[in-house]
Amino acid sequence: MPGSGFPRKLRLTEAGQFKAVFDRAQFKVSNRYLLILARENQLEQGRLGLVIGKKHLPKAVQRNRIKRLLRTSFRLNQDLLLGLDMVILARSNMNALDNQQIHNDVQRLWLDLVKKSKASQSKNA
RNA sequence: CGAGUCAGCCGGACAGUUGCUGCCCGAUAUCUCUCAGGAGGUGCCGGGGGGAGGAAAGUCCGGGCUCCGCAGAGCAGGGUGCCAGGUAACGCCUGGGGGAUGUGAAUCCACGGAAAGUGCAACAGAAAGUAUACCGCCCACACCUGGUUGCAGGUGUCGGGUAAGGGUGAAAUGGUGCGGUAAGAGCGCACCGCGCGACUGGUAACAGGACGCGGCAAGGUAAACCCCACCCGGAGCAAGGCCAAAUAGGAAUCCCAUGGUGUGGCUCGCACUGGAUUCGGGUAGGCUGCUUAAGGUCCGUGGCGACACGGAUUGUAGAUGAAUAACUGUCCUCGACAGAACCCGGCUUACAGGCUGGCUCAAACU
């Protein structure tokens, strides 16, 4: 059972790892503000990458806030997300949302993603 | 106490839980090297103490650092622009001069040159830079009327003089007075103003009045071209340096061309092809540059000051998909603008609220 930390091995750190998720995404879930791409990574743990563009969040302070919130949410839910590489993309300016709303929304997306992943595994089996 | 002005400072606090990061210490696991003492790398666990700003922002100037050919000369191009100082340097800062605003403390100024040249200026107006004559005023001439002559009044002229008055304009050749005149005029004079030159004070910008000369000639615009003086080589930490899988083509040495690899149970056959090592190369990736700095604080000395010198003391983020946070609770004045990316010095812009001090004005009290 993994803990709730966020060491380096739980992150996507190289351009190639991001590219793999973009090119061969097996699962997509989204809402108005976020899009999550994911694929199975043959590892024991899930890994997370963030793409928060200047286009949607022009101020560095805003981007930092969103990234911190997303990382925290991943950290607390990582035992649901084993064996998946995920990239979260920002789609529009979510700066108006407060922390509680963002946590709730992201939680819902995680559950959605897990459901799709389980369905795919049982189909293959 | 009120209104204002100029400086300086702060930028939610505390507790708990869960996390991130680089540094130090202690444990381990594993790999490499070894002169067998050990040294180094990587992973993981525990502990300790650090961990965004006054603007970290805009990227507008200046410098350090790095590479490019040494950073020199000329041209082009760009910048700066009252004077003197400070500084590594600056377009910054300090002090001073001039102008403008304000009762004042203070604030603001792209503040060199318009008698080298070129250009530009709506509308109005007769005329706008070689100034100009519309009305008016005066003179001359002609005609008319009145009168005894000298004359007075009126009308006219492709006539002349006149810049005092009217009118136009942002601006019309300096102002006032006296003289002068046909009427006028710096035409002359006095005073004021202006320009030039001496003189005095000041390092200088500049100022001064008790000097002399000039009747005055020289309107504005140089963030228009331009002239003058001074300054500037280019690119930037994705700079630059080191290690180095892979891959293309290459070099050297040795070995074998009766070889090797594949197909096949094996031989023949068929297909493909030299092999090994080293050098070199430099992609992915990693390491470095990377934080001690023109540093902060205090004291002394010099200076009006910016600042300089000397002494003591302190050690203050270094991330790399990129850390400094999330949640809960309590409190208050309910929290703004905003996130380091090689480093400094400035400028500019954004900013909830709060604190301290100097000075000014007004009123009142003693």
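Every chain is numbered from 1, with letters handed out A, B, ... down the list of sequences.
The base-pairing partner of B/rC230, taking Watson-Crick or G-U wobble contacts with both distances under 3.5 Å, is B/rG79. Pairing for B/rU17 is with B/rA326, a Watson-Crick or G-U wobble pair whose two hydrogen-bonding atom distances lie under 3.5 Å. Under the Watson-Crick and G-U wobble criteria, each requiring two contacts below 3.5 Å, nucleotide B/rA105 is left unpaired. With a cut-off of 3.5 Å on both pairing distances, B/rA222 has no Watson-Crick or G-U wobble partner at all. B/rU333: no Watson-Crick or G-U partner with both key distances under 3.5 Å is found in any strand. Remark: B/rG269 base-pairs with B/rU263. Criterion, Watson-Crick or G-U wobble with two distances under 3.5 Å. Pair assignment for B/rG85: B/rC93, on the basis of Watson-Crick or G-U wobble contacts that are both within less than 3.5 Å. Taking a pair to require two hydrogen-bonding distances under 3.5 Å in either a Watson-Crick or a G-U wobble arrangement, B/rC342 pairs with B/rG64.
One can place CD of A/Gln62 at 16 Å from P of B/rA57, the figure rounded to the nearest angstrom. Atoms CG (A/Leu57) and C1' (B/rA338) sit 15 Å apart, rounded to a whole Å. If you take CD of A/Gln78 and P of B/rU18, they are 15 Å apart, rounded to a whole angstrom.
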task = Test A/Gln26 against A/Leu84 for side chain to side chain contact (heavy atoms under 4.5 Å, CB included), laying out the working first.
result = CA-CA 10 Å; A/Gln26 293 168 296; A/Leu84 291 172; 5.7 Å; no
Output one line per pair: protein atom, nucleotide atom from nucleotides 317-325 of chain B, and distance, for all N/O pairs under 3.5 Å.
from    : atom 1 : to      : atom 2 : distance (Å)
B/rU320 : OP1    : A/Arg8  : NH2    : 2.3
B/rG321 : N2     : A/Leu50 : O      : 3.4
B/rA322 : OP1    : A/Arg11 : NH1    : 3.4
B/rA322 : OP2    : A/Arg71 : NE     : 2.9
B/rA322 : OP2    : A/Arg71 : NH2    : 2.8
B/rA323 : OP1    : A/Arg71 : NH2    : 3.2
B/rU324 : OP2    : A/Arg68 : NE     : 2.7
B/rU324 : OP2    : A/Arg68 : NH2    : 3.0

Check: protein-nucleotides 54-56 of chain B nitrogen or oxygen pairs below 3.5 Å:
none

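The two residues A/Met86 and A/Ala38 have their closest heavy-atom pair at CG-CB, 3.7 Å. Among all heavy-atom pairs drawn from A/Leu10 and A/Phe74, the shortest one is O-CE2, 4.1 Å. Closest non-hydrogen pair, A/Leu97 versus A/Arg65, comes out as O-NH2, 2.5 Å. The nearest pair of heavy atoms linking A/Leu37 to A/Lys28 is CD2-CG, 3.5 Å.
At distances below 3.5 Å, at least one donor-acceptor pair connects side-chain atoms of A/Asp98 with backbone N or O atoms of A/Gln101. No donor-acceptor distance shorter than 3.5 angstrom exists from the side chain of A/Ser73 to the backbone of A/Leu69, with no hydrogens or angles considered. Side chain of A/Arg71 to main chain of A/Ile66: no donor-acceptor pair is present (N/O by atom type, distance under 3.5 Å, no hydrogens or angles).
Taking A/Lys116 as the reference, A/Phe27, A/Val29 meet the side chain to side chain contact (heavy atoms under 4.5 Å, CB included) condition, with sequence neighbours excluded. Residues forming a side chain to side chain contact (heavy atoms under 4.5 Å, CB included) with A/Gln17 (at least two apart in sequence, or on another chain): A/Leu12, A/Thr13, A/Glu14, A/Arg47. With sequence neighbours excluded, the residues that form a side chain to side chain contact (heavy atoms under 4.5 Å, CB included) with A/Asn104 are A/Gln100, A/Arg108.
Regarding the sugar-base torsion, B/rG177 falls in the anti class, its angle being beyond 90° of 0. In this structure, B/rU34 is classed as anti because its glycosidic torsion departs from zero by more than 90°. A syn orientation is assigned to B/rA52, its glycosidic angle lying within 90° of 0. Annotated as syn: B/rA218, whose O4'-C1'-N torsion sits within 90° of 0. The glycosidic torsion of B/rG154 lies more than 90° away from 0, which places this base in the anti conformation.
Note on A/Val21 and A/Ile36: separate hydrophobic clusters, where clusters join Ile, Leu, Val, Met, Phe, Trp and Tyr whose side-chain heavy atoms are under 4.5 Å apart, directly or indirectly.
Taking atom P on both nucleotides, B/rC61 is separated from B/rG81 by 14 Å, rounded to a whole Å. Straight-line distance between the C1' atoms of B/rG125 and B/rA171: roughly 13 Å, to the nearest whole Å. To the nearest whole angstrom, the two P atoms, one in B/rA224 and one in B/rC111, are 13 Å apart. Rounded to whole Å, the separation between the P atoms of B/rA122 and B/rC6 comes to 43 Å. Comparing B/rA204 with B/rC227, their P atoms sit 31 Å apart, to the nearest whole Å. Distance noted for atom C1' between B/rC83 and B/rU66: 40 Å (whole Å). Separating the P atom of B/rA235 from that of B/rG78 is a span of 16 Å, rounded to the nearest Å. Taking the P atom of each, B/rA55 and B/rG321 are spaced 32 Å apart, rounded to whole Å.
For the segment residues 94-103 of chain A, the set of residues with a heavy atom within less than 4.0 Å of an atom of RNA chain B comprises A/Asn99, A/His103, in numerical order.
When each of A/Arg65 and A/Ala60 is assigned the nucleotide of RNA chain B with its nearest heavy atom, A/Arg65 is the one assigned upstream, toward the 5' end.
A/Leu48 has its side chain out of reach of A/Leu81: every pair of non-hydrogen atoms, C-beta onward, lies at least 4.5 Å apart.
For the pairing with A/Arg63, the side-chain contact (heavy atoms from CB on, under 4.5 Å) check across A/Leu57, A/Leu50, A/Asn95 returns one residue only, A/Leu57.
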